[in-house]
There are 2 protein chains.
Amino acid sequence: MARRNDHSREEIRSMVLDAAEKIVAEEGFKGLSARKLASAIDYTVGTLYHVFANLDDIVLQVNQRTLDDMYDWLAARSGKASTPGDALLALAKAYIAYSETQANRWNMLFDYVPGNGNTLSDDYRLKVGRVFGLVEASLAPLTNRNSAIEVQQVARVLWASVHGICMLKIRQRMDFVGGLSAEAMVHLLIDNFLRGFGGKEAE
Amino acid sequence: MARRNDHSREEIRSMVLDAAEKIVAEEGFKGLSARKLASAIDYTVGTLYHVFANLDDIVLQVNQRTLDDMYDWLAARSGKASTPGDALLALAKAYIAYSETQANRWNMLFDYVPGNGNTLSDDYRLKVGRVFGLVEASLAPLTNRNSAIEVQQVARVLWASVHGICMLKIRQRMDFVGGLSAEAMVHLLIDNFLRGFGGKEAE
DNA sequence: ACCTGAACACCGTTCAAGT
DNA sequence: ACCTGAACACCGTTCAAGT
């Protein structure tokens, strides 16, 4: 044994990430373990630690793939609306749909809490930023009447809000009797916010 | 050994929850373990399983305490504003402050993801509902012009939104250059939403 | 250089046996 | 009835040793 050299370092990396994605999709965040990953790719645990720093590192790299996947999903479903409100609503609905169809992967995206002064990598933050970029793009017409920086701020506020609605729904913190669907809630949010934002000169 | 009878079942329950609260506050969600809890209260692990169903059960009961604690915190900081906007803003700022000062406990509140058809207990949902109740109360003046059900829906949408802003900030999914503080973001959210909601008859 | 396998220090959960 | 302690089936991570 030892020195099999069947796969390059990079091949092992992508085999691990493929296997991790599959395990998370099927069993959720908690189903992921180093030993399960190792046996899925037919190597021993030790090998994982030659390619990744630790299990958190693997989780964060899977998350980066999920962010890319989600970006593609959202991008494919945006851009064909005529008003910022419609564009944003389409994006928000696509986000809700993604969170529902990819619930386990989507949940893992936010489960990792950087602790003790740790921060997310620049790469990770870039990929998060790209998603916010889609929101900004859908609000682009507003830059006729507002500064670019204002529109950027609105994009972040609205997207974080849409995210909050989505998260509390998925994690069952909002299933009261007579509650609206997530879609109806983001509709209410976007309609009223944009009406208020558009009419703010009247004050 | 065995049959010590030093403490009643209920005493053991509250000793465990006290110890769990302390461990979570100091070391976070991941620092909590059955063995650590058992040694903190000077019993063996087996005893925990006579009082609680499992570790998730303990987590959920700690969360219910946190929800009560947070409710008290929020209630103590609300109600003295003159307009719904000011009242809501005060509540949102109190929520942000709670999430920052009690970060580990607050994070655990949302980490538990009910999976495989599980649902949160009625007690748990009642305590979540109580927090939403505070938001509804601060929006009460709006019922002059809108139905109670509409105001309830607005309360839920706005609170989920405030929560989303808070969560993405705490978990570092929004630290871009030039970003607003969480407080400034909720301000922007509430101002524009309520302006839009108040002016909706004009359409 | 690459990979193994065993070791270390942990886990959650169960349950026969002791008093 | 109450509690123990040992067992079972797992963990993440490290690293000397083998080829």
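Sequence lines set the chain letters: A, B, ... in the order given, protein chains first and strands last, and positions in each chain run from 1.
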Problem set entry | Atom NZ of A:Lys36: over 12 foreign heavy atoms under 6.0 Å | yes
For this session: Might you confirm whether atom NE2 of A:His187 has over 12 heavy atoms from other residues, nucleotides or ligands at distances under 6.0 Å?
Result: no
Exercise. Can you tell which of C:dC3, D:dT4, D:dG12 lies closest to the side chain of B:Thr47?
Worked result: D:dT4
Problem set entry | Per B:Arg35 side chain, nearest of listed nucleotides C:dT4, C:dT13, D:dC3 | C:dT13
Seminar exercise, completed: Rounded to the nearest 0.5 angstrom, the CG-NZ distance for B:Leu120 and B:Lys127 is 13.5 Å
Problem set entry | Reported CG-to-NE2 distance for the pair A:Leu109 and A:His163, which is rounded to 0.5 angstrom | 8.5 Å
How many Å lie between [atom1] on [X] and [atom2] on [N], as a whole number?
{"X": "B:Phe29", "N": "C:dG12", "atom1": "CZ", "atom2": "P", "value": "11 Å"}
{"X": "A:Phe52", "N": "D:dG12", "atom1": "CZ", "atom2": "P", "value": "14 Å"}
{"X": "A:Leu37", "N": "D:dC10", "atom1": "CG", "atom2": "P", "value": "16 Å"}
{"X": "A:Asp57", "N": "D:dT14", "atom1": "CG", "atom2": "P", "value": "12 Å"}
{"X": "B:Asn54", "N": "C:dT14", "atom1": "CG", "atom2": "P", "value": "8 Å"}
{"X": "A:Asp56", "N": "D:dG12", "atom1": "CG", "atom2": "P", "value": "11 Å"}
{"X": "A:Ile12", "N": "C:dC3", "atom1": "CD1", "atom2": "C1'", "value": "9 Å"}
{"X": "A:Arg4", "N": "D:dT19", "atom1": "CZ", "atom2": "P", "value": "15 Å"}

For this session: Please report the shortest heavy-atom distance between A:Arg156 and B:Met174, naming the atom on each side.
Result: O-SD, 4.2 Å
Exercise. Considering all heavy atoms of both residues, which atom of A:Val16 and which atom of A:Leu37 are nearest to each other, and what is their separation?
Worked result: O-CD2, 3.7 Å
For this session: Could you tell me whether A:Ser33 contacts a base, only the sugar-phosphate backbone, or nothing, with contacts defined as non-hydrogen atoms closer than 4.0 Å?
Result: sugar-phosphate
Problem set entry | Nucleotide-level pairing of DNA chain D, given in dot-bracket where Watson-Crick and G-U pairs need both distances under 3.5 Å and | marks other strands | ||.|||||...|||||.||
For this session: Decide yes or no for B:Val154 and B:Val135: does some side-chain heavy atom of the first lie under 4.5 Å from some side-chain heavy atom of the second?
Result: no
For this session: Give a yes/no answer on whether the side chain of B:Tyr49 brings an N or O atom under 4.0 Å of OP1 or OP2 in C:dT14.
Result: no
Exercise. Going by ring centres under 5.5 Å and near-parallel planes (under 30°), is B:His50 stacked on D:dC3?
Worked result: yes
Seminar exercise, completed: Sorted by position of nearest nucleotide on DNA chain C, 5' first, the leading residue of A:Asp42 and B:Ala34 is A:Asp42
Exercise. Can you tell me how far P in D:dA9 sits from the matching atom in C:dC10, rounded to whole Å?
Worked result: 22 Å
